[in-house]
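By convention in this document, chain letters (A, B, ...) are assigned in the order of the sequence lines, proteins followed by strands, and residues within each chain are numbered from 1. All values derive from a computational prediction rather than experimental measurement.
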Amino acid sequence: MLASSLLEGLNPEQRQACEITEGPLLVLAGAGSGKTRVLVHRIAYLIGVCGIPPESILAVTFTNKAAGEMRERVEKILGPEASSVFVSTFHSACVRILRRDVGHLGLSRGFAIYDEADSLGTVKEALRRQGLDPKLFEPRRLRWRIDQWKNAGVLPAQAADGAADLDTRRTAEVYAVYQRLLAEQNALDFGDLILQTTELFGRFPEVLSWYRRRWQYVLVDEYQDTNRVQYRLVKQLSDEHRNLCVVGDPNQSIYGWRGADVRNILDFARDHPDAQVVKLERNYRSTRPILDAASAVVANNRGPETTLWTEREDGGPIELYEAVDDRDEAQFVIRQVMTAVREEGRSFGEVAIFYRTNAQSRPFEEELLKYDVPYAVVGGVRFYERAEVKDALAYLRALVNPSDGMALRRILNNPPRGIGKTTLERADELAAAGGCTVLEALRSLAADPAAARVALKLQEFLALFDGLAAEIGGLTPAEALARVLERTGYLEHLARQGTPEAEARVENLRELLAGAEDFSAANAGADERSAIELFLDQVALVSDLDAYESRSDRVSLMTAHTAKGLEFPVVFLVGMEEGLLPHAAATRDAHGIEEERRLCYVGMTRAMERLTLTCASERRRYGARTFSVPSRFLSEIPRALVARGGARESAARDRTADGRRALDYSVGQSPAEEAGSIRVGLRVRHPIFGEGSITAVRGAGQAQKLEIRFDRVGVKTVLVRFANLEPV
DNA sequence: CGGTAATTCGTTTTT
DNA sequence: CGAATTACCG
């Protein structure tokens, strides 16, 4: 194939990123700079021009959606020959590797993949076994810390070695027990998928070298979001041939809380002294005002300035709406959406609403329902995490992997069959003492004549379980699920309840069955592993976003995190308030705030033509009314780029009677004016008390109060409305 | 043991 | 406010 035809339509930098095929390459790809395009064409170039066999290329992404898109687009250029390129998420790739070689680590190939809930359950079990009080040692916190260790590549022994304080030492002990429990249950959690793969490679060089030979060219997408273990994994795979191409944008690093380490991308050149660097700085997505506004925000982070430019000089200013409360905010947005559709010829599918937290979707959903506007909420509670769906899948899991204690626990008395808490506790104790699985413990309890009544119940359950295990052998996932739901009486039990909730659950199970049927059809006889096992893998690794169909004509609602990588002609970024964006939990340190700022940048740069930012001065939060002040990020946007709409009480707040500039949180156009936004730490002058700095902000609007520590007179609380404050 | 009522509880983002 | 755990009674 001719290089010229393959690289046609690429700009010089994009072209360069394709043509530098050997050795380490860092592609710094700004928002909307055609990153995916480059990855796709690079793969096509490697195969079509350089003659690299497709199967020796590995491309790693973070979402299945991204992987699927990449695979599709490469196939579109090269045809079916490209299908043997290994395009996969980090997690799927590791599952594939571990399914093959996990035996070296002492697990068996049918290992279960534990999600967060299973993992949390295992932490609780670990606490029980150590006799630690879950009130004192919060399971959620412990799980979090263990996860962070795993993201950092720290094993239990290393965690214990590095533990400086008592709490950390205890946590490391729990980590060790937790890990033992996982092994007993033949299970790995999400973090393990990556960590154990690097362990496998580290301890068994012959395994590693097999994969090194196989994948001669490695590409990594969204490199700014890789954590330390992923870094290690990539290094292991590429250290020999060194044909490593990483693509990313430090300004879009928004997963630090999940262990992502921006240093991976920032230090790439230092890590690989012979690395070449290509910068993609031309933005093809957004109009000038959108790009300028987003850049102005992220420019407040320290670190190297990045320049993005666009030729799209069209488009008006971005809009700001300051709502009274969250309902007003939602009403405004939905009216805008309807107007855009009716009067500007937009379609609903062109519109997206981004928020910081999933809980913010509710008022928007209510308004959308009210006006019959079609919409899709992406993310939130995963379909596969709904109780009834998890129950059904737990049956399959336990049948496939009888050591899977979390699955067994779920199904044992579900539907109710007279096996209660005490029986389960006894089984747990027996398992812990005898070093056997919970299922084996249940078997011995079933044979115990001392507890005849419960033994009978157990025998019934075990007969059912063993019968199903024998039956589902050659079945497709859909057939197996149907059999399970019927034979266990699960479906019947639900149907008998007759409540609307139960009906909804039955409906969800039907959807699960339909999904399983689709899967069966697409994966008939593909592998030596059973179709049921493959189905369970898929279920564990698929995300809500992966199934999201952006082409359908519906308004999309999602978090700014989920929005990364997507683009929409019309974007609403809502809830631009202190405490929300930036989120209160992230404002402890400068790092957290900078990450929030990047998140804001990510949200803004999704917009192609129209961007509207909104905030509300009052909103309902877990039932109670709370007040908030506009986000500091709003004040970082040059005023000239913004058109204001909305219900500001009056212009009186902007100017005081004698014409001096009053304290104003609104967008400023210069650093001096930006200083006018109300925030903790701001220096102000009071006509009577003199100069001081704000130490707290309470309330909003007419009732907004500030606590100020004045240099001369100490701490006072003042009403903004009357205080006549001036920024210093 | 099972189901319901009462209470507590915690709230960021997710492969 | 809603999920999730706990308390209590049949």
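Within the 4.5 Å cutoff, side-chain heavy atoms of A/Lys150 are placed close to those of A/Tyr175. Side-chain atoms of A/His561 and A/Trp257, non-hydrogen and from C-beta on, do get closer than 4.5 Å to each other.
Looking at heavy-atom distances under 4.0 Å, A/Lys124 makes contact with sugar-phosphate atoms alone, never a base. Residue contacts for A/Asn413: at a heavy-atom cut-off of 4.0 Å it reaches the sugar-phosphate backbone alone, with no base atom in range. Residue contacts shown for A/Arg453 are absent, as no nucleic acid heavy atom lies under 4.0 Å away. Among the atoms of the strands shown, only primed sugar atoms or phosphate atoms (P, OP1, OP2) are found under 4.0 Å from some heavy atom of A/Thr422.
Looking at residues two or more places apart in sequence or on another chain, you find no ring-ring contact (aromatic ring centres under 6.0 Å, His included) involving A/Tyr490. Taking A/Lys124 as the reference, A/Leu120, A/Pro139 meet the side chain to side chain contact (heavy atoms under 4.5 Å, CB included) condition, with sequence neighbours excluded. Applying the salt bridge (charged side-chain N to carboxylate O under 4.0 Å, His left out) test to A/Arg426 and every residue at least two apart in sequence or in another chain returns A/Asp448.
In this structure, A/Ser556 contributes its side chain and A/Val378 its backbone to no donor-acceptor pair below 3.5 Å.
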How does protein reach along nucleotides 10-15 of chain B, written 5' to 3' as B (base within reach of a heavy atom under 4.0 Å), S (only sugar-phosphate), or - (no contact)?
-> -BBBBB

5'-to-3' dot-bracket of DNA chain C (Watson-Crick, G-U; under 3.5 angstrom; crossing pairs as [ ]; | other strand) | ||||||||||

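Ring centers of A/Phe90 and A/Phe62: under 6.0 Å apart, within the cut-off.
In summary, A/Glu125 and A/Arg129 engage in a salt bridge, as defined by a charged side-chain N under 4.0 Å from a carboxylate O. Between A/Glu329 and A/Arg619 a salt bridge is recorded (basic side-chain N to carboxylate O distance below 4.0 Å).
Shown here is A/Arg140, whose CZ atom has no more than 12 heavy atoms of other residues, nucleotides or ligands within 6.0 Å.
With a cutoff of under 4.0 Å to any heavy atom of chain A, the contacted region of DNA chain C is bounded 5' to 3' by C/dC1 to C/dT5.
Between the CG atom of A/Asn414 and the C1' atom of B/dC1 there is a distance of 15 Å, rounded to whole Å.
Side chain to side chain, A/Tyr255 and A/Asp261 fail the donor-acceptor criterion of an N or O pair below 3.5 Å.
Nucleotides B/dT12 and C/dT5 have their C1' atoms positioned 23 Å apart, rounded to a whole Å.
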